[in-house]
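Inspection log for the structure reproduced underneath, given as structure tokens.
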Amino acid sequence: MKNLFLILAAVLSLANCNSNLKTTTATNRFISISGHDLVTPEGEKFFIRGINLGNWLNPEGYMFGFGSEAASYRLINEVFCELVGPDFTRNFWNAFKKNYITEDDMKYIRQTGMNSVRIPFHYKLFTDEDYMGKIASHDGFQYIDSLIEWCRRQNLYVILDMHDAPGGQTGDNIDDSFGFPWLMEDKESRQLFCSIWKDIAARYAGDTIILGYDLLNEPIATYFMKDYPYLNDLLEPLYKECVKEIRKVDKNHIVLLGGAQWNSNFRIFKDSKFDDKMMYTCHRYWCDTLQANIQDFVNFRDSVNLPLYMGETGENTFEWIAAWTRLMERNNIGWHYWPYKKMISDRCMTTIPQPENWELITAYTRADRTTFAKIRHARPHQATIRKAMNELLENIKFANTVKNEGYIKAMGMKP
């Protein structure tokens with residue numbers, strides 16, 4: 001009888017070990033955090049090296065060659081509707097989303113040696129608001145689902161980035177807002193922000209190719225600090241509120257928190273470890289490439305003992321990119337350069353050729369359009385503009401872009 005009990009105890013013990021092993025294996029299928037480092041499911045350090053897919057799901061005016069008169073999606077869309085009408089514009093945006101990023105782009109990114117991509121998106125892709133050719137039945141999940149599958153086949157990790165939040169988190173063109181970070185103050189916008197992230201997290205809770213969720217891009221621009229300094233005090237509570245909602249449906253993925261004032265001010269954080277799967281993301285452009293230019297980030301990272309990575313940087317000379325990359329890597333700061341694809345400029349991985357007569361559209365954005373009469377007077381011939389817009393839809397395809405070998409080599413990658 002004693003032997004029978006011993007055998008039964010051994011069986012139960014083995015079953016319990018197997019159960020624990022399954023739990024551990026399930027938990028470790030995701031990228032995890034160990035001090036300053038990210039760790040793969042195999043227990044190896046994961047150092048982020050990749051690119052931002054900017055302008056795809058959150059169009060920005062300067063990527064089209066436009067100035068401040070058409071700097072955000074809302075203003076770009078207005079220009080197009082004035083030039084060629086709402087129906088043509090709607091069809092243009094639907095084709096734009098389809099052509100701008102494809103699996104061929106993901107294959108190329110992986111071939112260069114990169115291991116991840118950051119996906120900036122507009123919150124309206126998940127609402128019934130008018131956006132990029134849709135009013136209801138938005139296709140945000142459709143495009144992100146496709147992107148995730150392409151990345152899975154290429155073994156590219158994905159960071160999802162809400163670049164444009166309800167009400168606007170920045171108060172400038174980059175969040176397609178109305179010139180103020182209303183998200184910080186408006187209750188309904190805050191609720192919608194948390195709700196969208198909860199829906200996204202519920203959909204992807206079990207998806208291991210997603211590295212994490214970048215909750216807000218560059219919240220609270222510097223311009224508001226003089227008259228509205230209290231805005232900074234509202235950011236961390238908003239992050240906590242959002243993470244609480246995410247954790248109701250997803251306990252697996254890392255949440256990434258950006259500092260205020262262009263993801264640069266981390267002094268706003270008072271409770272720097274309020275979640276057990278969190279890290280920080282900084283941005284920095286157009287500075288020198290000395291240790292002093294990154295030391296504030298290093299000091300913060302060391303003080304919280306959590307990973308910190310450069311979610312955006314770049315748009316500079318090849319020499320600057322090379323020096324900045326070396327600086328980040330010496331300081332154990334992973335990176336996603338900005339952007340992958342852009343018109344005309346070679347300060348990106350691939351350049352989109354400018355369509356014939358595109359300068360007519362650029363000139364129109366700068367024209368006086370303050371009355372309907374002035375719109376009629378400034379409008380170029382519609383057939384010419386439609387031809388240029390259709391040409392752009394072809395030029396944005398991967399096969400028609402120009403690969404910038406110098407820029408890619410400067411990042412330490414292989415063209």
Side-chain angles (χ1 to χ4, degrees), residues 51-66 70-81 83-109 117-151 154 156 158-165 173-176 196 199-200 203-204 217 338-343 348-353 355 358 361 386 388-401:
I51 200 75
N52 278 276
L53 304 185
N55 205 46
W56 176 36
L57 300 178
N58 68 315
E60 296 188 51
Y62 85 100
M63 300 268 210
F64 292 83
F66 303 155
S72 70
Y73 165 78
R74 178 170 56 87
L75 300 177
I76 299 167
N77 188 66
E78 208 168 87
V79 164
F80 288 164
C81 285
L83 285 170
V84 294
D87 289 350
F88 188 92
T89 299
R90 189 161 44 247
N91 292 329
F92 169 84
W93 285 126
N94 284 315
F96 181 90
K97 287 181 290 187
K98 186 176 180 181
N99 293 358
Y100 200 89
I101 295 295
T102 66
E103 188 166 10
D104 286 341
D105 294 283
M106 295 306 100
K107 288 178 180 178
Y108 184 68
I109 289 170
V117 292
R118 179 172 177 255
I119 317 301
F121 65 86
H122 200 302
Y123 84 92
K124 288 182 180 179
L125 286 163
F126 305 97
T127 69
D128 285 339
E129 298 178 65
D130 186 358
Y131 186 67
M132 291 192 83
K134 297 281 187 179
I135 297 175
S137 302
H138 269 295
D139 47 14
F141 280 125
Q142 172 190 327
Y143 282 101
I144 291 178
D145 283 352
S146 295
L147 189 280
I148 286 171
E149 289 310 310
W150 301 335
C151 288
Q154 300 304 319
L156 284 167
V158 174
I159 290 178
L160 299 177
D161 153 49
M162 189 180 286
H163 219 75
D164 314 77
N173 64 292
I174 61 171
D175 66 356
D176 194 31
I196 292 172
D199 289 345
I200 291 171
R203 188 179 187 93
Y204 300 122
N217 176 72
W338 181 280
Y340 166 61
K341 184 182 291 188
K342 189 166 61 171
M343 190 186 295
C348 50
M349 287 180 68
T350 64
T351 298
I352 301 164
W358 192 259
I361 302 177
R386 292 187 181 195
M389 291 175 68
N390 281 330
E391 186 177 335
L392 178 62
L393 294 176
E394 289 299 313
N395 291 358
I396 62 178
K397 293 178 180 178
F398 174 77
N400 298 326
T401 58

Shortest non-hydrogen contact from [X] to [Y]?
X    : Y    : result
A71  : N173 : CB-CB, 3.5 Å
G54  : M63  : C-CE, 4.1 Å
A70  : L75  : CA-CB, 3.7 Å
Y123 : M162 : CB-SD, 4.2 Å
P355 : A388 : CB-O, 3.5 Å
W338 : P120 : CZ3-CG, 3.6 Å

Who passes side-chain contact (heavy atoms from CB on, under 4.5 Å) against [X], sequence neighbours left out?
X    : result
N217 : R118, D161, H163, Q169, I174, H283, E312
N77  : Y73, C81, T89, W93
N94  : R90, K97, K134, D139
D199 : S195

Partner residues of F121 under the ring-ring contact (aromatic ring centres under 6.0 Å, His included) criterion, sequence neighbours left out: F126, W197
Side-chain heavy-atom pair [X], [Y] within 4.5 angstrom cut-off:
X    : Y    : result
Y143 : L125 : no
L392 : F92  : yes
W56  : L147 : yes
H122 : D176 : yes
K107 : F398 : no
V117 : Y340 : no
R203 : I144 : no
M343 : I396 : no

Those residues that, when tested against [X], pass salt bridge (charged side-chain N to carboxylate O under 4.0 Å, His left out) (two or more places apart):
X    : result
E129 : none
K98  : none
K124 : none
E78  : none

Derivation of the ring pair (Phe, Tyr, Trp, His ring centres under 6.0 Å) call for F96 and F64: CA-CA 12 Å; F96 181 90; F64 292 83; 5.8 Å; yes
How many angstroms lie between [atom1] in [X] and [atom2] in [Y], if you round to the nearest 0.5 Å?
X    : Y    : atom1 : atom2 : answer
I196 : T127 : CD1   : OG1   : 6.0 Å
L53  : N58  : CG    : CG    : 10.0 Å
I119 : L160 : CD1   : CG    : 7.0 Å
I361 : M389 : CD1   : CE    : 6.0 Å
M349 : N52  : CE    : CG    : 11.5 Å

E394 backbone acceptor or donor facing N400 side chain under 3.5 Å: yes
Could I get the full list of side-chain hydrogen bond (donor to acceptor under 3.5 Å, both in side chains) partners for [X], not counting sequence neighbours?
X    : result
T350 : none
E103 : R153
Y100 : N55

Residues D145, Y204; criterion side chain to side chain contact (heavy atoms under 4.5 Å, CB included); working and verdict: CA-CA 9 Å; D145 283 352; Y204 300 122; 2.6 Å; yes
Intermediate values then yes/no, side chain to side chain contact (heavy atoms under 4.5 Å, CB included), Q154 and I109: CA-CA 9 Å; Q154 300 304 319; I109 289 170; over 6 Å; no
Parallel, tilted or perpendicular, as decided by the 30° and 60° cut-offs, for the rings of Y131 and H138: tilted
